[in-house]
A.B. asks: 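Below: one structure in structure tokens.
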Amino acid sequence: MGSVAHAPEAVHGHAHADHHHHEESFVSKYIFSQDHKMISKQFLITAIIMAWVAVVMSIIFRLQLAWPGEGFSFTHFFLGDKWAPKGVLNPNMYLALVTIHGTIMVFFVLTGGLSGTFSNLLIPFQVGARDMASGFINMLSYWAFFLASVLMISSLFVEGGPASAGWTVYPPLSALPQAIPGSGTGMTLWLASMAVFIASSLMGGLNYVVTVLNLRTKGMKMTRLPLTIWAFFVTAVLGVLSFPVLLSAALLLLLDRTLGTSFYLSEIHIGGEALDHVGGSPILFQHLFWFLGHPEVYIVLLPALGITSEVISTNARKPIFGYRAMIGSILAIGFLSFIVWGHHMFITGMNPFLGSVFVFTTLLIAIPSAVKAFNYITTLWRGNIVFTPAMLFSIGLVATFIAGGLTGIILADSALDIVVHDTYFVVAHFHIVMGMSAIFGMFAGIYHWFPRMYGRMMNNKLGYAHFWITFVCAFGVFFPMHYIGLAGAPRRYYSYSEFPMFDGVVDLNVLITFFAIIGGSAQLLFTYNFFHSIWRGQKAVQNPWRSNTLEWTAPVEHLHGNWPGAIPTVHRWPYDYSKPGKPEDFVPQTTPLDDGEEEH
Amino acid sequence: MTTLLILAVLVLGLMAVLRLSRVYELTATLRGKREEMISDRDNRMNARLMWLFPFFYFGFFIWLTLHYKDKLLPVAASEHGEWLDRMYDINWAILLAAFFLTNTLLFYFSGKYYFRKDRWAYYYPHNNKWELAWTIVPSVVLIGIIIYGLTVWNRITTAAVPGTPEVELYGKQFDWTARYPGKDGRLGATDFRLINDNNPLGIVTPASIATRLEELKAEEEAGGKQLAEEHDYLPPDRKHELEEHIAHIRRVRSRILNLRTLMEQDIAAKKAAGQESQYSFGADDIVVKEFHLPVGQDVELLIRSRDIIHSAYLPHMRAQMNAVPGMTTRMHLKPTITTDSMRLVTKNPAFDFILLCNKICGASHYNMQMALVVEPEGAYRAWLAQQKGFQTAEAATPAAAPSDSTKTTASADTNATAAVNEPKTH
Ligand code: HEM
Ligand SMILES: [Cu+2]
Ligand SMILES: [Cu+2]
């Protein structure tokens, strides 16, 4: 091992005192911290809280879907008489919950939470930097995220209820309070929250890009970067290029709502009145939204894939198969994700030829995706798999990625999409491929890097229970939705009782809700394990998973600047696991190549 | 009640797990066991579960498919729907093969190669041949899928042949209206500013323009009167609102006046050229809250919305198109099975084809539907003949001369009651 490695005992004492020259106040250490490690923890804990809000919402609307029109004390407890008289969910509130659930999960948990936590934690550690390029902007990025979260939550308490037009907030529904009460103050807060969120995301993203490009330690060539960093890097680039477009879309929507402009509105007669707006197009909004929206799904997924690559390789004790192909596929996915957005709009009346182009580009994305899936499977082949909870979640991710990627091929085929667009089939597709994959990646990351974050270990047994219950429930919840969709049932319906044609499949809704309640509750195990372990978990050793990457060469104790001495130098790629002729089944990146040794 | 029980069981279960984990933690600390040293037992257990899981996963999949396959959509009832159903079958076959293959490998390897101290993993960083193979094989399959898919897509979306009968579907919060051309076979022009109770689609005719102008004038005058009378005691914000309202009505009126000029010019110009203006087709249009189509005939559906985006979704026809305010979208389809035949096929005497809204549009989005009746040509004609023209008051009997009737209504009385045919209850 390199000279910088510390035995765990060394850091438990006061070894760090020599390297710490300035005392920090509570506020600058825990609140307005500019240290990437602390900021990463702030992102994570905020995201966990937001995730719980979204999970409770989903249980409320799942109860309504399983037993439409029945009252529940659970529902009443959270929503009160106004939105749930006698515990029966109000239809407007149903749409509001679906909207905010989606928004929180996609943006606050799987974008802000996932990238914010792991890009922050791992980029400086794994490229060998003392911190982010700009600690100050990094701090702003967190506080903007926090403010955005507060705005989003506060929208739950306004008079007309929160935004209710779906997480995609298509105008005119989202533009006109006459159309749905949530499009009043609630929608304004939604837009304000998202604007602040986008600012957070851009500050974070720029920092990640700059750090990866400029602050790599000696020897850390781009082709020696762990795949986590490659994934975070491409994710940040996608975010920086696409979020501004969402910001413009949101601003134009705000103008339509407040100043009477007509970007998205034309020839509308509502509430007994012909509006003045003419000449705009609601479809324009969809183009702008999905120009972000599709890259966004990869902004959510790529970090999870990066984490999985790292966790699978470490725990299979085997190099990730096809490292260069993995980088190539990340880049290909990143590039293609910018030219496929129209596949969300096949039936908006868009020119069929344009539709054909989007079919073509979209189906191309399946190729790098397939390469990734095969490479993961080959990495497992003849491995020596250590089943940590992180490893289980990573394998789970590969399974959900396969299942959801395959249904993507149906949806990408415009002709087939005519039948299932906007049905539960789509809900099944994206929850499996995006929701589950990304959340599994996030769990894998938390279990794997918890010792790096908190200097303690999480409890494995609880982790196992958490994984297996969650894994079974994930399929229990989302797999049957394919069938509901194939029966023609639309999404965003408050109830299916008005349609005898769905009678044959509605009993699936009961099954789904059942799995959802169990799966949701299993997250209590995780939450308990997480917070319990922060204070009471077993103390961690420096490199618990016998891993090669640089973050494990830094002492368990968090230091300003990460390494007490010089930053370690890198001599090899990160995936030398079980390399023949080596004394151990892992060779840290800091170990120089032997004479005549090939890199890989 | 059931939920309460479920919750109680869950809470108890969780508490038990937490207790157990505490006990486990304590004993582990006593024995000096470290979390990162995954025991052989744990590795083996998880490996076994990896082998067990596909039995649940595939089993669940197969059970769902067998149990629900007859409860999904019945056979396609349109010509292109049949193409799509075949396309689905072929795509599913390919995807299912990939699904079972990859998942089997994934779970088989995961369960087989669990950690054992006495062995090392196989150092196998890459293999260009393999990687090329699984780039090329999916590519070839996907190219096939793309070519097949686009061929069908093109067949479905090529413009309808000229002369294909047109029917309009009009969505608003939260119902559908259909419009059929009258004897002239053409749908009249529309303008959203003409919408009122008697003219829910805003069809442009001289009569509806005149009526609407008068309505607006009355409204404007009423507003002006209120403003003058209550000028001294109206609160400022209320007064401002009222002034805004009056200004808005003036704007709408002036736009309608423009429209009237346009219409008159167009009618005159077309007449000089011996043609008919699009503004003269509206009066005999049939506006109806029922939706009928003839079997075996291609029909072009013109889809519009009054307020926000809706989506006209006909799952049995395998057809869907958004209704977007400010534009007209189109799709054409040829129904191949009548409602009556479908009732026999599905052995369900109450079966109906349904048009439903498939784009979130507000509180009652979940109940925005209209039944579609597909019937033989003769029955369809008979049904249509019973419907009243929009401003031609009497039933659309084939005898009356089209251009004549328009003119007479136009000049006769501006208060001509428009006919919106309400559905009969069968
Ligand atoms: C093989 C790769 C994939 C293909 C071909 C594909 C294709 C599609 C298509 C065509 C749609 C639109 C369906 C419709 O609205 O009718 C869609 C929806 C969606 N996909 Fe994918 N997808 C793929 C992978 C992914 C991945 C990896 C993610 C996320 C990480 C994802 C997330 C989503 C989301 C969130 C939606 C729904 C958006 C909404 O309407 O709310 N997809 N996908
Ligand atoms: Cu997309
Ligand atoms: Cu709707």
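First the proteins, then the strands, lettered A, B, ... as listed; each starts at 1.
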A.B. asks: Given a strict heavy-atom distance threshold of 4.5 Å, which part of A/A373 is in contact with chain B: side chain, backbone, both, or neither?
C.D. replies: neither
A.B. asks: Parallel, tilted or perpendicular, judged at 30° and 60°: which one describes the rings of B/F60 and A/F479?
C.D. replies: tilted
A.B. asks: Against chain B, label A/L416 side chain, backbone, both or neither, depending on which of its atoms sit under 4.5 Å from a heavy atom there.
C.D. replies: both
A.B. asks: Is chain B contacted by the side chain of A/A175, its backbone, both, or neither, given a heavy-atom distance below 4.5 Å?
C.D. replies: neither
A.B. asks: Could you look at A/V98 and say if it's the side chain, the backbone, both or neither that has a heavy atom under 4.5 Å from chain B?
C.D. replies: neither
A.B. asks: Pick whichever of A/L364, A/D576, A/L176, A/D503 has the most heavy-atom pairs under 4.5 Å with chain B.
C.D. replies: A/D576
A.B. asks: So which residue, B/R116, B/R155, B/Q320, ends up with the most heavy-atom pairs under 4.5 Å with chain A?
C.D. replies: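 Top option by heavy-atom pairs under 4.5 Å: B/Q320.
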A.B. asks: Just say parallel, tilted or perpendicular for the rings of A/F475 and B/F53, cut-offs at 30° and 60°.
C.D. replies: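 Judged by the thresholds at 30° and 60°, the geometry between A/F475 and B/F53 is tilted.
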A.B. asks: In terms of heavy-atom proximity below 4.5 Å to chain B, should A/Y496 be classed as side chain, backbone, both, or neither?
C.D. replies: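 Contact with chain B is absent: no heavy atom of A/Y496 under 4.5 Å.
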A.B. asks: Could you tell me which portion of A/L524 (side chain, backbone, both or neither) has an atom closer than 4.5 angstrom to a non-hydrogen atom of chain B?
C.D. replies: side chain
A.B. asks: Given heavy-atom pairs under 4.5 angstrom as the criterion, report whether the side chain, backbone, both or neither of B/T65 touches chain A.
C.D. replies: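 Contact with chain A: backbone and side chain both.
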A.B. asks: Quick check for you: among B/F192, B/Y88, B/W83, B/F351, which has the greatest number of heavy-atom pairs under 4.5 Å with chain A?
C.D. replies: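 When all of B/F192, B/Y88, B/W83, B/F351 are compared, B/F192 has the most.
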A.B. asks: State whether a side-chain donor-acceptor pair under 3.5 Å links A/W468 with B/N46.
C.D. replies: yes
A.B. asks: May I ask you to decide if the ring planes of A/W67 and A/F72 are parallel, tilted or perpendicular, using 30° and 60° as cut-offs?
C.D. replies: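 Plane angle between 30° and 60°, so tilted.
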A.B. asks: Measuring heavy-atom distances to chain B, does A/Y483 have an atom under 4.5 Å in its side chain, in its backbone, in both, or in neither?
C.D. replies: both
A.B. asks: Would you say B/W130 has more than 12 foreign heavy atoms packed within less than 6.0 Å of its CH2?
C.D. replies: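 No.
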A.B. asks: Is chain A contacted by the side chain of B/L84, its backbone, both, or neither, given a heavy-atom distance below 4.5 Å?
C.D. replies: both
A.B. asks: Against chain B, label A/L462 side chain, backbone, both or neither, depending on which of its atoms sit under 4.5 Å from a heavy atom there.
C.D. replies: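 Just its side chain gets close to chain B.
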A.B. asks: Pick one of side chain, backbone, both or neither for A/L95, based on which atoms fall under 4.5 Å of a heavy atom in chain B.
C.D. replies: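 When you check distances to chain B, only side chain atoms of A/L95 fall under 4.5 Å.
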A.B. asks: If you count heavy-atom pairs within less than 4.5 Å of chain A, which of B/M37, B/R193, B/Q173 leads?
C.D. replies: B/Q173
A.B. asks: For the residue pair B/Y68 and B/W63, categorise the inter-ring angle as parallel (less than 30°), tilted (30 to 60°) or perpendicular (more than 60°).
C.D. replies: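 B/Y68 and B/W63: perpendicular rings.
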A.B. asks: Between A/W381 and B/F109, what is the ring plane arrangement, given parallel below 30°, perpendicular above 60°, and tilted in between?
C.D. replies: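 Ring orientation of A/W381 relative to B/F109: tilted.
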A.B. asks: So for B/I38, is it side chain, backbone, both, or neither that comes closer than 4.5 Å to the heavy atoms of chain A?
C.D. replies: side chain
A.B. asks: With salt bridge (Lys or Arg N to Asp or Glu O under 4.0 Å) as the rule and sequence neighbours excluded, what pairs involving residues 118-128 of chain B come up?
C.D. replies: none
A.B. asks: Please state whether the side chain, the backbone, both or neither of A/L275 comes within less than 4.5 Å of a heavy atom of chain B.
C.D. replies: backbone
A.B. asks: Relative to chain B, which segment of A/A165 carries a heavy atom at a distance below 4.5 Å: side chain, backbone, both, or neither?
C.D. replies: backbone
A.B. asks: Let me know if B/M331 has heavy atoms under 4.5 Å from chain A in its side chain, its backbone, both or neither.
C.D. replies: neither
A.B. asks: Let me know if A/M391 has heavy atoms under 4.5 Å from chain B in its side chain, its backbone, both or neither.
C.D. replies: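 The answer is neither part of A/M391.
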A.B. asks: Can you tell me which portion of A/W545 sits under 4.5 Å from chain B's heavy atoms? Options are side chain, backbone, both or neither.
C.D. replies: side chain
A.B. asks: So which part of A/P451 gets closer than 4.5 Å to some heavy atom of chain B, the side chain, the backbone, both or neither?
C.D. replies: neither
